[in-house]
Amino acid sequence: MTKIKTPGISGLILDEPLLWEKGKKGRRGMSIPVNDVPEAVLEETLQGQGPDFPDLSEVDVVRHYTRLSQWNFGVDTGMYPLGSCTMKYNPKINETMAATPEITSAHPMLDDEYSQGTLKIMYDLQHYLAAITGLPGVSLQPAAGAHGELTGMLIFAAYHKSHGSKRTKILIPDTAHGTNPASAALCGYKPVPVKSDSNGILNIQTVAELMDEECAGIMITNPNTLGLFETNIRKIADIVHSKGGLVYGDGANMNAVMGIIDAEKCGVDVMHLNLHKTFSTPHGGGGPGAGPVCVTEELTKFLPTPLAVKDGSSYRLKYDYPDSIGRVHGFHGNFGVLVRAYSYILSMGADNLKKVSQLAVLSAAYIKEQLKGTLPLAFNRPCMHECVFSDKLLHDDGVSTLDLAKRLIDNGYHPPTIYFPLVVPGAIMIEPTETECKEDIDQFIGVIKKIVQEAKENPELLHQAPTIAKVRRLDETKAARNPCLRG
Ligand SMILES: *Cc1c(COP(=O)(O)O)cnc(C)c1O
């Protein structure tokens with residue numbers, strides 16, 4: 001087998017103690033000018049022990065943080081093929097825009113008259129997101145995808161209430177993200193699982209059998225979390241609507257279909273977008289997100305208020321929506337994330353957003369085709385922005401999906417999403433995104449093939465992986481419950 005080059009390295013990852021362990025009494029990071037005024041005694045109430053800060057030199061501090069930053073992995077370091085997360089490269093221009101002093105110093109409680117710039121951003125962004133989804137009503141308030149789902153479910157409940165009914169259940173496909181049933185349950189709906197068919201998508205007949213007048217509607221992710229397009233969505237939407245229900249679109253996978261599908265024409269009534277996934281905000285590690293909700297004309301009156309509106313040439317916040325579900329955020333949403341999305345959309349333009357989706361799908365389809373002889377595909381059908389493999393063959397070598405994921409770390413890659421969606425045994429879900437070039441994708445493919453070969457020849461190597469990373473294999477439950485932050 002030819003030697004596969006990997007971006008992984010094994011040298012010069014430097015150890016670093018805590019600053020408290022590193023400090024030495026008397027070290028300083030700066031020189032204070034000689035005192036040229038009379039000394040004054042500090043007021044008694046201000047005297048006492050200062051905080052327990054270590055004494056450090058400038059170089060101690062600079063090296064400390066630089067070394068810690070090198071322990072990190074992110075999209076700025078390498079490919080991050082985490083399925084269902086769209087970990088793509090986020091252009092730095094969007095960071096610069098979000099850090100513009102006029103924006104960072106804007107206050108959400110200033111009068112409209114003094115907030116014309118920020119209101120214009122909100123108003124325009126509402127319009128852009130409406131154009132991208134085909135759904136005309138937009139609220140920018142929800143702070144993440146799951147929060148958008150919750151907002152959507154509150155809108156479902158408000159809609160049914162306005163029709164004099166209180167429905168108790170909601171249909172949720174077995175491939176759905178866990179936040180879908182959780183958001184529905186928070187609104188008091190009982191999630192009813194819908195089995196996907198042998199093609200990995202929703203079956204019209206199955207939905208027809210489950211949909212009744214007790215069901216508030218259905219939550220559909222399209223493309224779904226298997227990376228497959230729900231081709232029956234229109235017929236399914238018709239069935240749900242015919243029983244008085246509504247269709248929720250989980251738009252987390254928008255990166256696959258921007259400028260290509262129109263959610264409203266697919267029969268979707270409410271949809272959230274994950275701006276931090278599709279529209280360029282670095283995410284992960286619990287950082288801020290934004291999950292705006294887009295709705296049909298009919299449902300606009302239920303949106304959280306206020307909305308940004310335009311009168312003549314000036315912008316204002318409109319509160320006067322008597323049917324609104326009320327606020328879902330203290331102010332206007334995570335504004336910095338909204339600005340990044342605004343900047344991303346403007347810098348790309350409509351044609352390039354469409355191209356993003358085309359390239360994201362092309363990249364995933366290429367990986368699927370190149371690896372389908374190496375790992376068994378969960379569903380051997382055309383994929384959208386991500387492809388899902390199972391661990392069927394790895395089992396024969398006594399190796400698990402987790403072993404493969406950990407071995408990728410030794411080779412310089414962040415592991416893909418694993419063991420999700422739940423319907424695929426030992427799922428390996430790869431989402432390359434549009435920002436990886438062919439050479440980098442080829443290198444990734446080569447590394448996966450190399451690891452599968454190692455599984456046959458030296459499975460023990462995989463069981464021990466990662467072997468050259470900063471930390472070895474962790475007890476994942478213990479690591480989550482009892483984190484050790486000492487490095
Ligand atoms: C990421 C994701 C969500 C949840 O979004 P958050 O922004 O993480 O709350 C919901 N559904 C799908 C399909 C997702 O991939």
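All residue numbers in this chain count up from 1 along the given sequence. In listed order, ligands and their atoms are each counted from 1.
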Over 12 non-hydrogen atoms of neighbours within 6.0 angstrom of CG in Asp475: yes
Flag if over 12 foreign heavy atoms under 6.0 Å of NZ, Lys478: no
Which of the ligand 1 atoms, numbered from 1, are nearer than 4.0 Å to a heavy atom of Glu149: 10 (C), 11 (N)
Close-contact set for ligand 1 against Ala252 heavy atoms, below 4.0 Å: 2 (C), 11 (N), 12 (C), 13 (C), 14 (C), 15 (O)
Polar contact flag for Ala146 and ligand 1 (N/O pairs, less than 3.5 Å): yes
Heavy atoms of other groups near Lys195 NZ, more than 12 under 6.0 Å: no
pair Ile430-Ile428: side-chain heavy atoms closer than 4.5 Å: yes
Nearest neighbour in protein (non-hydrogen) for atom 6 (P) of ligand 1: Gly145 N, 3.5 Å
Any side-chain heavy-atom pair of His147 and Val293 under 4.5 Å: no
His276 near ligand 1 by a heavy-atom separation under 4.0 Å: yes
Heavy atom of the protein closest to atom 11 (N) of ligand 1 (residue, atom name, distance): Asp250 OD2, 2.6 Å
Within 6.0 angstrom of Arg234 CZ, more than 12 heavy atoms from elsewhere: no
Leu202 side chain reached by Ile218 side chain, heavy atoms, under 4.5 Å: yes
Check: Asn180 N/O within less than 3.5 Å of ligand 1 N/O: no
Numbering as shown, the atoms of ligand 1 that approach Lys277 to under 4.0 Å (heavy-atom distance): 1 (C), 2 (C), 3 (C), 5 (O), 14 (C), 15 (O)
Option set Asn274, Leu150, Thr225, Leu273, criterion heavy-atom distance to atom 5 (O) of ligand 1, minimum: Asn274
